[in-house]
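All figures in this text were calculated on a predicted structure; none of them were measured in a lab. Atoms within each ligand, like the ligands themselves, are counted from 1 in listed order.
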Amino acid sequence: MNWDDTAPPTDDIDAERLVGGSADGEDQAVESALRPKSLDEFVGQERVREQLDLVLKAALARGGTADHVLLSGAPGLGKTTLSLIIAAEMNAPIRITSGPAIQHAGDLAAILSSLQEGEVLFLDEIHRMSRPAEEMLYMAMEDFRVDVIVGKGPGATAIPLELPPFTLVGATTRAGLLPPPLRDRFGFTAHMEFYDPAELERVIHRSAQLLDVDIDADGAAEIAGRSRGTPRIANRLLRRVRDYAQVKLDGLITREVAAAALKVYEVDARGLDRLDRAVLQALLGLFGGGPVGLSTLAVAVGEERETVEEVAEPFLVREGLLARTPRGRVATPAAWAHLGLVPPQQAPGASGQRGLFGA
Ligand SMILES: Nc1ncnc2c1ncn2[C@@H]1O[C@H](COP(=O)(O)OP(=O)(O)OP(=O)(O)O)[C@@H](O)[C@H]1O
C-alpha cells in the first residue's frame with residue numbers, strides 16, 4: 001500500500017479540528033453574520049487598517065478605483081472580511097472567486113469581462129491559479145485589457161478586450177509562492193499578523209453580542225488564550241462554549257465555564273488540541289525530547305507525515321514548544337514544562353550521549 005496515496009488532504013484535517021484555522025461547514029454558515037462591516041469595526045491589525053484606510057480614502061477622493069491589494073496571512077485572520085470591507089468602503093460591488101476555481105485562462109476572461117466599473121474582484125488562494133490564467137491576469141491588472149485567444153495552432157488569433165477599471169484583492173496564505181511579476185502588480189500589500197489575546201477578547205465580546213451570548217471579561221480572556229491568535233478559532237470556541245453553558249448551566253460564560261467546556265473539547269490552556277499534545281507527548285515520552293526524524297515522529301503518533309508537519313507543527317513551533325533542526329525535531333524546555341514533565345539530565349561524564357536541546 002502506498003502510504004502517501006491514502007493521506008487525506010491536510011486542509012480537510014485542519015478544517016475538522018476545533019482549533020484548525022480553515023473554515024468548516026458551520027463556520028461558513030455563521031461567519032457572514034459575524035464579519036465586521038467596516039474598517040472601524042475590524043479589530044486589531046492597526047498598521048494594515050491605517051494604511052488601507054489611506055489607500056481607500058485617496059482613491060475615493062480621486063473618484064477612481066483603488067489600487068490592487070494583496071492580503072497575505074494564515075487562514076482565519078480576516079482576509080475575506082477585509083476584502084468585503086474594501087468593497088463596502090468603496091461603495092463598490094464585489095465578486096468572489098478563488099484560484100482553484102480558475103483553471104483555464106477562459107474562466108478568468110469570462111469573470112473579468114463581466115466586471116462592472118469599480119468592482120472589487122476578490123481572488124482567494126491566488127497562489128493556486130493556473131499558469132495561463134496568471135499570465136492573463138498580469139495584463140488585466142496593469143492595462144485593464146486581456147487578449148482572448150480564438151482558435152488553435154497557427155490560425156489562432158488574439159482578440160484584445162478592454163476591461164473596466166477594477167480593484168483586484170488577492171488573498172494568499174503563501175505569499176512566498178507568488179511569482180514576483182504577479183506580486184509586483186499589487187499597489188498595496190498587507191501581511192496579516194496573528195492577533196494578541198487582548199484583540200481576540202474584543203473579537204469574542206463583539207461576536208458574543210451578535211450571537212446574544214452572555215460572557216464576562218474573564219470568560220472572554222479564557223477563550224482568547226486558547227484561540228491560537230486567530231479570530232476564526234476564537235469565534236468557533238465561543239460557539240462551543242456557548243453550547244456547553246446552555247446545556248449544563250444558566251448560560252453565563254465565566255472563566256470556569258469556558259475552561260470546563262474547552263476541557264470537554266480537549267483544547268488546553270494554551271490552545272493545543274489532542275493532535276498537538278500527542279506529538280509533544282511522543283517527542284518527550286518516547287524520544288527523550290529528540291532530536292527525532294519527522295517520519296518516526298509521525299509513525300509514533302499514528303498520523304501522516306504531512307499532517308504532523310503541516311497541521312500540528314507550525315503552531316508548536318510558533319509557540320516555542322518544538323524546534324525543527326537539521327538533525328530532527330527537538331522539544332524545547334517550554335514543551336516539558338507545558339506537559340508538566342521534567343527533562344532528563346544528561347548523566348555527568350556520559351560522553352557521546354545526545355544533548356537534548358543542542359542539535
Ligand atoms: N479583525 C477581525 N475582527 C473581527 N472579526 C474578525 C476579524 N478577522 C476575522 N474575523 C472573523 O473571523 C472569521 C474568519 O475571517 P475570514 O473568513 O475573513 O478569514 P480569512 O483570512 O479570509 O480565512 P481564509 O484564509 O480561510 O479564507 C470571520 O467570521 C470574521 O468575522
Nitrogen or oxygen atoms of [X] and ligand 1 under 3.5 Å apart:
| X | result |
| --- | --- |
| R35 | yes |
| Y195 | yes |
| T173 | no |
| V43 | yes |
| F42 | no |
| G78 | yes |

Do side-chain atoms of R329 reach the backbone of L294 as a donor and acceptor pair under 3.5 angstrom?
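Pair absent, no side-chain N/O of R329 close to backbone of L294.
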For [atom], what is the nearest protein heavy atom, given as residue, atom name and distance?
| atom | value |
| --- | --- |
| atom 25 (O) of ligand 1 | K79 NZ, 2.8 Å |
| atom 26 (O) of ligand 1 | R232 NH1, 2.8 Å |
| atom 6 (C) of ligand 1 | P231 CB, 3.8 Å |
| atom 13 (C) of ligand 1 | E31 OE2, 3.6 Å |

Could you check whether the rings of F186 and H68 sit parallel, tilted or perpendicular, using 30° and 60° as the cut-offs?
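Perpendicular.
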If you measure from the Lys or Arg side-chain nitrogens to the Asp or Glu carboxylate oxygens, is any gap between E199 and R202 under 4.0 Å?
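Looking at R202 together with E199, the answer is no, because their closest N to O distance does not fall below 4.0 Å.
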Check this for me: does any side-chain nitrogen of one of R324 and E309 sit under 4.0 Å from a carboxylate oxygen of the other?
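Looking at R324 and E309, the cut-off is not met.
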Going by the atom numbers of ligand 1, which of them fall below 4.0 Å from some non-hydrogen atom of [X]?
| X | answer |
| --- | --- |
| N235 | 11 (C), 12 (O), 29 (O) |
| P36 | 3 (N), 4 (C), 5 (N), 31 (O) |
| D124 | 27 (O) |

Is there a chain of hydrophobic side chains (I, L, V, M, F, W, Y, each step under 4.5 Å between heavy atoms) that links V55 to F42?
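Yes; tracing contacts between hydrophobic side chains, which count when under 4.5 Å, links both residues.
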Record the part of L82 in heavy-atom contact with ligand 1 below 4.0 Å; permitted values are side chain, backbone, both and neither.
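Neither part.
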Counting heavy atoms only, which of V48, T81, I204, L34 comes nearest to atom 18 (O) of ligand 1?
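Among V48, T81, I204, L34, the closest heavy atom to atom 18 (O) of ligand 1 comes from T81.
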Can you name the closest pair of heavy atoms from [X] and [Y] and give their distance?
| X | Y | value |
| --- | --- | --- |
| H205 | A220 | NE2-CB, 3.4 Å |
| V120 | A92 | CG2-CB, 4.3 Å |
| V69 | L71 | CG1-CD2, 3.8 Å |
| V146 | M136 | CG1-CG, 3.5 Å |
| R145 | L163 | N-CD1, 3.9 Å |

Looking at ligand 1, is there an atom of it that comes within less than 4.0 Å of some heavy atom belonging to G76?
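Flag set, G76 near ligand 1.
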